[in-house]
Asker: 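Structure incoming, see below.
Every chain is numbered from 1 and lettered A, B, ... according to where its sequence line falls, protein lines coming before strand lines. All values below were derived from every heavy atom in this structure, side-chain atoms included, with hydrogens, water molecules and symmetry-related copies excluded.
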Amino acid sequence: MANIVASVNVSHVPAIGAAWDNGKKNDPYWQPVFDGFDFSKKWIAELKPDVIILVYNDHASAFDATIIPTFALGCAPEFPPADEGWGPRPVPTVIGHPVMASHIAQSVILDEFDLTIINRMDVDHGLTVPLTLMFGQPAEWPCRIIPLAVNVVQFPPPTGNRCWNLGKALRRAVESYPEDLRVVIFGTGGMSHQLQGPRAGLINKEWDQQFLDSLAADGQTARAIPFIEYVRETGSEGIEMVMWLIARGALDDKVREVYRFYHVPCSNTALGHLILENASFSK
Amino acid sequence: MANIVASVNVSHVPAIGAAWDNGKKNDPYWQPVFDGFDFSKKWIAELKPDVIILVYNDHASAFDATIIPTFALGCAPEFPPADEGWGPRPVPTVIGHPVMASHIAQSVILDEFDLTIINRMDVDHGLTVPLTLMFGQPAEWPCRIIPLAVNVVQFPPPTGNRCWNLGKALRRAVESYPEDLRVVIFGTGGMSHQLQGPRAGLINKEWDQQFLDSLAADGQTARAIPFIEYVRETGSEGIEMVMWLIARGALDDKVREVYRFYHVPCSNTALGHLILENASFSK
Amino acid sequence: MSDDTVRKEPIEGFDDVPGTTLFDAQRARQGYHVNMFCMSLMKAENRAEFKADEEKYLRKWPLTEEQRKAILGRNWQRMIELGGNIYYLSKLFSTDGKSFQYVAATMTGLTQEQYAQMMLDGGRPIDGNRSKSEWQARGSK
Amino acid sequence: MSDDTVRKEPIEGFDDVPGTTLFDAQRARQGYHVNMFCMSLMKAENRAEFKADEEKYLRKWPLTEEQRKAILGRNWQRMIELGGNIYYLSKLFSTDGKSFQYVAATMTGLTQEQYAQMMLDGGRPIDGNRSKSEWQARGSK
Ligand SMILES: [Fe+3]
Ligand SMILES: [Fe+3]
């Protein structure tokens, strides 16, 4: 049977991708950001996941204003990098896992999640920046990736509680998959940031750390945070953090905090990064 | 406040639209079908709904194989008839209610339904045939229509129980809308039919009548029917009946059966039609 | 990658329903290009192009040879077996000016007249058609 | 039809958050064509066409005069107020070779240098920026 053994939570700031792609990774501004992932690169290279379920949000790239799915699972064989206005990022095409993705889709729909199935999709910085941070620049991404796109752009996003429960359903789906596969789930986006209006540039370190603390504990405090609190305390784009709850919901109640990194600023954003392993998991 | 006062359940066989559009409505084969809606036309003309929430399934018309939403709510200002391969049906464009539809979308997402919002969509026979049956051939449809498209084409469809609960959430959404509007909900598709394979042409009158009986009572028996029973007893396309459960879930526990009509054959299909009014509603 | 053609998770009881193909995700993958080809026929200009030269038009989709043959030969049952879904296929038979009833009949082994008469007589009865064992008992395939 | 510009259902507490526009369904309707225009810039050929003649290119979308002016003048805050969303707008400012930080800074009343320095210093603090009353108390708009 397949198993979700750990979660990787990480911001997916587009400027990180631009810095990497334009050879600025050793600039004084960017070096601390990339250095913050040295441990993580080693950790995931040793863990060797077979599949990553990558929870992210599309930033008006694959989906335009004509269609806004709350939860969209990528079941395609591959997902090319999107052209977000400056040409596609020079990163490998993401190779999916159509059979496992379809199994997951079936399982969570039967569990009464109202999924949208996607059989063709370009993936934007929300999905590719976390891969760059965790894997650098390989010729091919080292494992199969199942994208799960969550609407956090147009109000209302799914509630934190719904996201948490989807995580639980994903876990059941993975554990009912007959092949022995090691799965890691990524929750991306966040942390505090606001990209618009006179309040742009808002950062709330204390709140962000409390959120990380809650996830590293049982997550129940984070799960109950209402939309208005994300907006008020973490900025209009801080709502992306509900996606971390999907990843947390997919883990054991008890987890081990393996690594934490927090850095300000990253363009307009507080970069947060947290690796959790299931308490029940031993390498 | 707005109110759902009644449900109209009706098959949406494409051949009905073709018969009407090609002037065959008085042919001996078709006349009994259209006569079966004489009462219904009068009933709805007297009821004068302001808005219809029309639950139907897209038959690979608006959505192709690249994207399959489980529940998709139409929030566009208008919805043109789709070209299903023989040109669009010569029927009026469907006028939506973007403000109310957005209110409903917001409400049901906050109620933890994972809706897909649609801002542009052509509507196929699944939506237009019920309108023809209920309203004939007016220059414009007599009220605004909010389409709700349900995936019943690719397994798995939403469960009957999920559909029922979505009905309940739709009701809450409508009742929290500030304008005084009379709303009727349509559940379309069904009844027993199979359009493919050596078992094509299957009809199960007894089962269909029991389904109608359950909806006219409290609906709880119908709500619990598993997917395999629909397929086995009513044919591979009989699963469309889960959409009737959305309409039933949106009503009072107690309803009045106002009208029932059942006719075989309609092309490959058993045509079923049931009008229910909330027990709490008086005209 | 895992074998994509065998359903790993038989739907409980489904495989016992006779004469019926379940359009699940694996079928949808198998028939993806068949179905996307059919969708293209929702535009009048594409229908015209297809009618002018079917073989040439079909080259736009990476179909298997079996799928190509089934489409050109209008073998509806075979298209279903190769991952086509009846609602997608309806764009093709509508382009041909055929009806759902015409196409359904071709899959049953009955003539058009026999099928139409069966429907007029109340349709295919459920008794005897619930399970494969019922079909075997009466010698159907 | 009901008035489409006034939000009927204020999100509990949201209207008290200062300097922030909620991109909800009504904003999305208001800015639909602004956002769809931006999406068109995801193709290199469209970017070239837009750069060659912005006014002409914009005529493809039924924009309001205010929206048109805000786009041509790259008034990002105004685009947000008229229903644009920052992720859609990013296709426009990426076409211009501008960054999220550049655009965010223009909305704050700070210079680029001041904004960049504020971020280096740890960002805009949350204290004093939670509510409109806090803004009024310190005389911000
Ligand atoms: Fe993001
Ligand atoms: Fe149908």
Side-chain angles (χ1 to χ4, degrees), chain A residues 58 60 62-77 79 98 101-122 148-166 169-170 173 223 226-228 242 246, chain B residues 58 60 62-77 79 98 101-122 148-166 169-170 173 223 226-228 242 246:
Chain A
D58 179 71
F63 306 116
D64 65 20
T66 62
I67 183 157
I68 301 149
T70 294
F71 295 129
L73 193 77
C75 297
F79 305 92
S102 301
H103 169 93
I104 292 172
Q106 173 174 314
S107 179
V108 303
I109 292 171
L110 292 174
D111 275 355
E112 304 199 340
F113 288 79
D114 316 314
L115 212 65
T116 293
I117 292 170
I118 303 290
N119 286 316
R120 193 171 61 200
M121 180 164 70
D122 290 354
L148 174 61
V150 179
N151 168 47
V152 292
V153 171
Q154 180 173 320
F155 176 84
T159 67
N161 182 60
R162 184 67 175 165
C163 287
W164 182 281
N165 285 332
L166 177 60
L170 289 171
R223 175 186 183 171
F227 178 70
I228 179 64
V242 292
I246 297 176
Chain B
D58 180 72
F63 306 117
D64 64 21
T66 62
I67 183 156
I68 301 149
T70 294
F71 295 129
L73 194 77
C75 296
F79 305 92
S102 301
H103 169 93
I104 291 171
Q106 174 174 312
S107 179
V108 304
I109 291 171
L110 293 174
D111 276 356
E112 304 199 341
F113 288 79
D114 317 314
L115 213 64
T116 292
I117 292 170
I118 304 289
N119 286 317
R120 191 169 64 198
M121 179 164 69
D122 290 355
L148 174 61
V150 179
N151 168 46
V152 293
V153 171
Q154 180 173 319
F155 177 82
T159 67
N161 181 60
R162 184 67 176 165
C163 287
W164 183 280
N165 285 332
L166 177 60
L170 290 171
R223 175 185 185 173
F227 178 70
I228 179 65
V242 292
I246 298 176

Asker: Working to the nearest 0.5 Å, report the span between OG of A:S102 and CD of B:Q154.
Answerer: 7.5 Å

Asker: I need the residue from B:I118, B:D114, B:T116, B:N151 with the largest number of non-hydrogen atom pairs under 4.5 Å to chain A.
Answerer: B:D114

Asker: Taking A:S107 for its side chain and A:H103 for its backbone only, find out whether a donor-acceptor pair lies under 3.5 Å.
Answerer: no

Asker: Could you tell me which portion of A:N161 (side chain, backbone, both or neither) has an atom closer than 4.5 angstrom to a non-hydrogen atom of chain B?
Answerer: both

Asker: State, to 0.1 Å, how close B:D58 and B:V153 come at their nearest heavy-atom pair, and which atoms those are.
Answerer: O-CG2, 3.7 Å

Asker: Looking at chain A, which one of B:I109, B:T159, B:I68, B:L166 has the largest number of heavy-atom pairs inside 4.5 Å, strictly under?
Answerer: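 Ranked by contacts with chain A, first place is B:I68.
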
Asker: When rounded to the nearest 0.5 angstrom, what is the spacing between CZ in A:R162 and CZ in A:F113?
Answerer: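 Separation between the atoms: 4.0 Å.
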
Asker: If you count heavy-atom pairs under 4.5 Å with chain B, which of A:N119, A:D64, A:T66 comes out on top?
Answerer: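 Answer, by heavy-atom pair count under 4.5 Å with chain B: A:T66.
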
